[in-house]
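Worksheet: the structure to be examined is printed underneath.
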Amino acid sequence: MSRDDFSSRLLAWYAAQARDLPWRRSRDPYAIWVAEVMLQQTQVQAVIPYYERFLARFPTVQALAAASPDDVLKAWEGLGYYARARNLHTAARRIVTEHGGQVPADPAALARLPGIGRYTAGAILSIAFNQDTPVLDGNVRRVLCRVFRVAEDPRQPAVERRLWELAAGLVPPGRTGDYNQALMELGATVCTPHAPRCPVCPVAELCEARRRGEQESLPVRAPRRALPHYNVTAGVIWHDGCVLLAQRRPGGLLGGLWEFPGGKQEPGETLEDCLRRELREELGIEVEVGPLLLTLAHAYTHFRITLHAFTCRHVSGQPQALGCAAWRWVAPDELASYAMAVTDRRIARRVAGTTYFVQTKQQA
Ligand code: SF4
């Protein structure tokens, strides 16, 4: 197969079939960077409203750099993988201080910014600056494994290196931005993980997996390990008509987000004991644990949790930020303005319809 044959088929198909997506109407490196970061772990349809709101709220690198971390996390709320938002924000601040507010067109400078790996750098350089840099994301990996019949696990470092070399050898000089987008579009809409639509594929005649009837079995997938499971407690702690929120420490999972405080159950511990211990350790307070408000299940990338949220009454101790970044008593109608993970947001919505714990006790 010649490089030109592969790329010209893809480019012609893309010119005719490309979806009209908001970030494709822009050549602004900042807008393309935001879109690429959002798309890293999230489906296109879910990203579109977030992208539009984010760009309306922070239309330039300078606007993003000037925003508070809370405002950025709030704009990201619901997209998940919040390290992406924190890195984007930190990188915007560095672009303002170190690069005069211009997203750098230099691969080495881009690579030094937090959250910009080889894929994101390749996308920004090729799409915004029309440089001949390849990309390799999940979609491109799948297409290349099938077209070139790569029959080893593509997550092995040696296979990954080979795929990057393949990707680099295929880019058409001067057209790489469109070509990279075409390749990603093919993976997203035609060469899908299950039931690829080979009869309408523009590179079907060049595809080795299709020729052998192996398109459904490639790429090779390593068997999935069962995710560990944890029981986690959270306290909806009432005091004078407000509830207590704690802000998670920056960095790490959900860093910077606000939550109903609590933590992971230890072996041999009841859920109520767990919650009392966690609140003592995290905030230095004593509470009376009341009724279960709700239980919900959630899966993160590397583990699953069942979250048990209890209504509690604050008994003693001025809260202190012992195991969190900050704390605040918040009226229920102000909860919507705090950035939270999806599990805490569900608790917050329930809190809005909850009877104040002390009143409940007095009525009982
Ligand atoms: S022919 Fe089928 S398997 Fe091959 S690239 Fe096209 S859609 Fe994917």
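Every heavy atom of this structure was used, including side-chain atoms; hydrogens, water molecules and symmetry mates were not.
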Tell me, do [X] and [Y] make a side-chain contact under 4.5 Å, heavy atoms counted?
{"X": "Tyr82", "Y": "Leu257", "result": "yes"}
{"X": "Phe129", "Y": "Asp106", "result": "no"}
{"X": "Trp23", "Y": "Tyr51", "result": "yes"}
{"X": "Cys145", "Y": "Leu163", "result": "yes"}
{"X": "Asn180", "Y": "Val140", "result": "no"}

Co-membership, hydrophobic cluster, residues Leu218 and Leu206, 4.5 Å side-chain: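 No, separate clusters.
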hydrophobic_cluster_shared for Val232 and Leu253, side chain cutoff 4.5 Å: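 Yes, same cluster.
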Which pairs count as salt bridge (Lys or Arg N to Asp or Glu O under 4.0 Å) when at least one residue sits in residues 154-173, sequence neighbours excluded?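 Qualifying pairs: Arg141-Glu160, Glu152-Arg162.
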Can you tell me how the ring of Phe303 sits relative to the ring of Tyr300, calling it parallel under 30°, perpendicular over 60° and tilted otherwise?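 It falls in the tilted class, 30° to 60°.
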Leu244: which of Val330, Val287, Val236, Leu283 passes side chain to side chain contact (heavy atoms under 4.5 Å, CB included):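 Only one of Val330, Val287, Val236, Leu283 forms a side chain to side chain contact (heavy atoms under 4.5 Å, CB included) with Leu244, namely Leu283.
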Looking only at side chains, do [X] and [Y] share a donor and an acceptor under 3.5 Å apart?
{"X": "Thr301", "Y": "Tyr81", "answer": "yes"}
{"X": "Glu36", "Y": "Tyr119", "answer": "yes"}
{"X": "Thr120", "Y": "Gln40", "answer": "yes"}
{"X": "Thr42", "Y": "Arg84", "answer": "yes"}

Using a strict cut-off of less than 4.0 Å between a Lys/Arg side-chain nitrogen and an Asp/Glu carboxylate oxygen, indicate whether [X] and [Y] qualify as a salt bridge.
{"X": "Glu288", "Y": "Arg313", "value": "yes"}
{"X": "Arg57", "Y": "Asp71", "value": "yes"}
{"X": "Arg9", "Y": "Glu205", "value": "yes"}
{"X": "Arg345", "Y": "Glu259", "value": "no"}
{"X": "Arg25", "Y": "Asp20", "value": "yes"}
{"X": "Glu286", "Y": "Arg276", "value": "no"}
{"X": "Asp273", "Y": "Arg280", "value": "no"}
{"X": "Lys74", "Y": "Asp70", "value": "no"}

So, the side chain of Arg53 versus the backbone of Ala75: is there a donor-acceptor pair under 3.5 Å, distance only?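 Not a single qualifying donor-acceptor pair exists.
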Minimum heavy-atom separation for Arg86 to Leu254, with atom names?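 Between these two residues, the closest heavy atoms are NH1-C, 3.9 Å.
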Is the NZ or CZ atom of Arg248 positioned over Trp258's six-membered ring, under 6.0 angstrom from the centre and within 45° of the axis?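 No, Arg248 and Trp258 do not form such a contact.
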Are Trp329 and His239 an aromatic pair by the rule of ring centers under 6.0 Å?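 Yes, the ring of Trp329 comes within the 6.0 Å limit of the ring of His239, centre to centre.
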